**Student:** 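Got a structure for you, written out below as structure tokens; questions coming shortly.
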Amino acid sequence: MSTAAPHALADVTASDSTLRRFLHGLPGVDPVGLEARAASLGTRSIKTTAKAYAIDLAISMVDLTTLEGADTPGKVRSLGAKAVLPDPTDRTTPATAAVCVYPDMVPAAKAAVAGSTVKVASVATAFPAGRAPLAVKLADVREAVSAGADEIDMVIDRGAFLAGNYLKVHEEITAVKEACGSAARLKVIFETGELSTYDNIRRASWLGMLAGADFIKTSTGKVAVNATPANTLLMLEAVRDFRAQTGVQVGVKPAGGIRTTKDAIKFLVLVNETVGEDWLDNRWFRFGASSLLNDLLMQRQKLATGRYSGPDYVTVD
Amino acid sequence: MASAFEYAPAPESRAVVDIAPSYGLFIDGEFTEAADGRVFKTVSPASEEVLSEIAQAGEADVDRAVKAARKAFEKWSALPGTERAKYLFRIARIVQERSRELAVLETLDNGKPIKETRDADLPLVAAHFFYYAGWADKLDHAGFGANPRPLGVAGQVIPWNFPLLMLAWKIAPALATGNTVVLKPAETTPLSALFFADICRQAGLPKGVVNILPGYGDTGAALVAHPDVNKVAFTGSTAVGKQIAKTVAGTRKKLTLELGGKGANIVFDDAPIDQAVEGIVNGIFFNQGQVCCAGSRLLVQESIQDELLDSLKRRLSTLRLGDPLDKNTDIGAINSEEQLTRITSLVERGEAEGAERWSPACELPTSGYWFAPTLFTNVTQAHTIARDEIFGPVLSVLSFRTPDEAVAKANNTQYGLSAGIWTEKGSRILAVANKLRAGVVWSNTFNKFDPTSPFGGYKESGFGREGGRHGLEAYLDV
């Protein structure tokens, strides 16, 4: 059995039944109340200095992502350049947190961000469906890590989760975590849109953390419902409670569907008022987004100059 | 919570509302001076700034207003329901159009945060007028028999905690059923009622159908005692409610009273904890706890007490207290110095009786009337703070071990207005709700209002129901 679970919770993962009992014993989630809370935090008014702070923070938390079948080394190179220097017209703009690519693009990405603070993240484990034998997933991960990936974004086996095979999911995550070794941090993607209920999302969050996730992440961005304020709030509550119980801090990454500065700021407010400043750092909070960055840059330019520019004043990739 | 992410002030503009230096009484469609020329000042509780000078209605003014309402009653009650509905719909739409102005006004006069007036009070005010407009032509089908008749002139006295919303709760059903109205707003919050008078004119409402008489308790007493008033509706303190009941006793006046409360918010060990914490916060800190149905007694199952209190304290530390006009403010000012004194003395009593007091680190503004969110633990049923209504941001925490004990403690109060149940178990919600002697029982939520739901109390929380189909009955001869 796994030993990834922190000492305080070691017994929980002893067997399928202990794990099930634990996950089903977590406090339930009332959907109406959760969504109301997320909506009410969405009405916070963030202006002037707070807005400037939030925009720079958000930029520094972006995992700039390209996950297309048509990705080329050239595309990844320009993505990397943008991650390092998002706005060439204003060199005070912070770099993004990472570039996120498929495993075969890791070498190109590494080269593109060399010498900067930008990390290379790679979606291994048969992304986005996760429907491959464990050996294949692990091979995927090892490839990415040996090519220099700093972070691995893995998808869980949603089928096993929904069937109630929690231990199987747990074992896969711990195996992947082991494959990451000390070289790469592990982000565990639940594909919350497919888990369907908030109770499932809370259970998945705990399952991921028990298995040693460094980050828990909402979704792949490839399904209909991705990150929402409500599911992100719920995951923030989970990491908060997990740290209270074990002392271990885990990061949160909403991904997919966050396109505007306004949206991103709402998520930062959720972080600020749920878990506080301990998580207001790109080591502990990320945005999985590709189109968000340009809007952040345009808003940043607007704050700096007092005028709106336009999409031609930021780069297209 | 100290954070690098400090929100910059985001004050709502005062420019959207134009407050005149003085206001008269609104009688028979006109603003007029008080017969004896008396005036009083209304101040902003957040800054103690004088907002305006208001005419103070005396007995002669009450008489004049009741006569105007009596005269208007003949025509108003004879209108077809569809015609009355048109006016109500018009009022509802004007309220919506002017909602930003009214929200800022209400926040200035009452001290509650703009986020509440903007997101709760004003939408509900409009919703009440829309809802009762819909009933005006369907009274024959409301379940009170064919062709139910209005009562006549309604004398209405409302409190300062939800000035415009309480006005809507009173005026909308009264007009829909064909009554005419003389309403006395509270002395600390008369402005929105006077703006409403202007809305009545804007809507072309016939003269005398709505009359507004600002004043103190003596004005209300004169209105309640006026022999030509057919119906008295009061929302406010239990003490005043008792006086009114004595005054009205033996007359043919119909009476409804919405009085105090000491609502129990019961959290079982299988509750959705994070949402329960939000519900507790909303239950007692909404409108600084100045809510008659506030969940001011938290009954928490002993097995989760420590965990819940930790969560609650952490959550309270994130509440933002300050300028009510700032859109990021959660906790505004206490409505008046008098109310602040009352809260302070009850809290001191709680400490003296041995309960443990806790507040988050919280800086209070130097001018205005403020009270930090406060939590009392180690409270027992015998403590004053578990029995008396505090009407402020003060939560008393008690524990229980079994559902029976929870019900027994929840019902062990002279009041019976509201209660809350937090559990993921549906059967428990139904079983416990059936045993609670409270007019409203919320499950897995708190302080949610809707014009379609009847609202009212048991025991010393009063009698009669407002809202919903039941709310019509109080204004009909049935």
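Not measured: the values here are computed from a predicted model. Atoms considered below: every heavy atom in the structure, side chains included; atoms not considered: hydrogens, waters and symmetry mates. Numbers restart at 1 for each chain; the letters A, B, ... are given by sequence-line order, proteins then strands.
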**Student:** Apply side chain to side chain donor-acceptor pair (under 3.5 Å) to B/Arg401 and list each qualifying residue two or more places apart in sequence or on a separate chain.
**Tutor:**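 B/Arg401 satisfies side chain to side chain donor-acceptor pair (under 3.5 Å) with B/Glu405 only.
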**Student:** Under 4.5 Å, heavy atom to heavy atom: which of residues 19-31 of chain A reach chain B? Give them by number, or say none.
**Tutor:** A/Pro27, A/Gly28, A/Val29, A/Asp30
**Student:** Between B/Asp274 and A/Arg202, is the closest basic N to carboxylate O distance under 4.0 Å?
**Tutor:**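 Yes, charged N to carboxylate O under 4.0 Å.
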**Student:** Would one find more than 12 heavy atoms of other residues, nucleotides or ligands at under 6.0 Å from atom NZ of B/Lys327?
**Tutor:**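 Counting other residues, nucleotides and ligands, NZ of B/Lys327 exceeds 12 neighbours.
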**Student:** Pick one of side chain, backbone, both or neither for A/Asp199, based on which atoms fall under 4.5 Å of a heavy atom in chain B.
**Tutor:** side chain
**Student:** Taking atom types as modelled, find out whether B/Tyr7 and B/Asp326 have a side-chain donor-acceptor pair closer than 3.5 angstrom.
**Tutor:**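 Not at all, the side chains of B/Tyr7 and B/Asp326 share no donor-acceptor pair under 3.5 Å.
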**Student:** Applying a heavy-atom distance below 4.5 Å, give me the residues of residues 34-43 of chain A that approach chain B, sorted by number.
**Tutor:**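 Within residues 34-43 of chain A, near chain B: A/Leu34, A/Arg37, A/Thr43.
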**Student:** So which part of A/Val269 gets closer than 4.5 Å to some heavy atom of chain B, the side chain, the backbone, both or neither?
**Tutor:**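 For A/Val269, the contact with chain B is made by backbone and side chain together.
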**Student:** Check ring-ring contact (aromatic ring centres under 6.0 Å, His included) between A/Phe267 and all other residues, then give those that pass, not counting sequence neighbours.
**Tutor:** none
**Student:** Within 45° of the ring axis of B/Phe268 and under 6.0 Å from its six-membered ring centre, is that where the NZ or CZ of B/Arg428 lies?
**Tutor:** yes
**Student:** Are A/Thr197 and A/Arg203 close enough that a side-chain donor and a side-chain acceptor fall under 3.5 Å?
**Tutor:** no
**Student:** Under 4.5 Å heavy-atom distance to chain A, tell me which part of B/Asn444 shows up: side chain, backbone, both or neither.
**Tutor:** both
**Student:** Examine whether an atom of B/Ala271 lies under 4.5 Å from a heavy atom of chain A, and if so say whether it belongs to the side chain, the backbone or both; otherwise answer neither.
**Tutor:** backbone
**Student:** Side chains of A/Asp278 and A/Gln249: do they bring a donor and an acceptor to under 3.5 Å?
**Tutor:** no
**Student:** Whether the B/Asp450 and B/Ser453 side chains hold a donor-acceptor pair (N or O, under 3.5 Å, no angle test) is what I'd like checked.
**Tutor:** no
**Student:** At a heavy-atom separation under 4.5 Å, does A/Leu268 approach chain B through its side chain, its backbone, both, or neither?
**Tutor:**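 Answer is both: backbone and side chain atoms of A/Leu268 are under 4.5 Å from chain B.
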**Student:** So among B/Thr445, B/Asp270, B/Asn265, which one has a side chain to side chain donor-acceptor pair (under 3.5 Å) with B/Trp422?
**Tutor:**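 Exactly one option meets the side chain to side chain donor-acceptor pair (under 3.5 Å) with B/Trp422, and it is B/Asn265.
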**Student:** Only pairs of heavy atoms separated by less than 4.5 Å count here; which of A/Ala244, A/Ala54, A/Ser45, A/Gly33 has the most with chain B?
**Tutor:** A/Ser45
**Student:** Between A/Arg240 and A/Trp284, is NZ or CZ placed under 6.0 angstrom from the six-membered ring centre and within 45° of the ring axis?
**Tutor:** no
**Student:** Hey, what's the ring geometry for B/Phe446 with B/Trp442, parallel, tilted or perpendicular (30° and 60° as the breaks)?
**Tutor:**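 The rings of B/Phe446 and B/Trp442 sit tilted, inter-plane angle from 30° to 60°.
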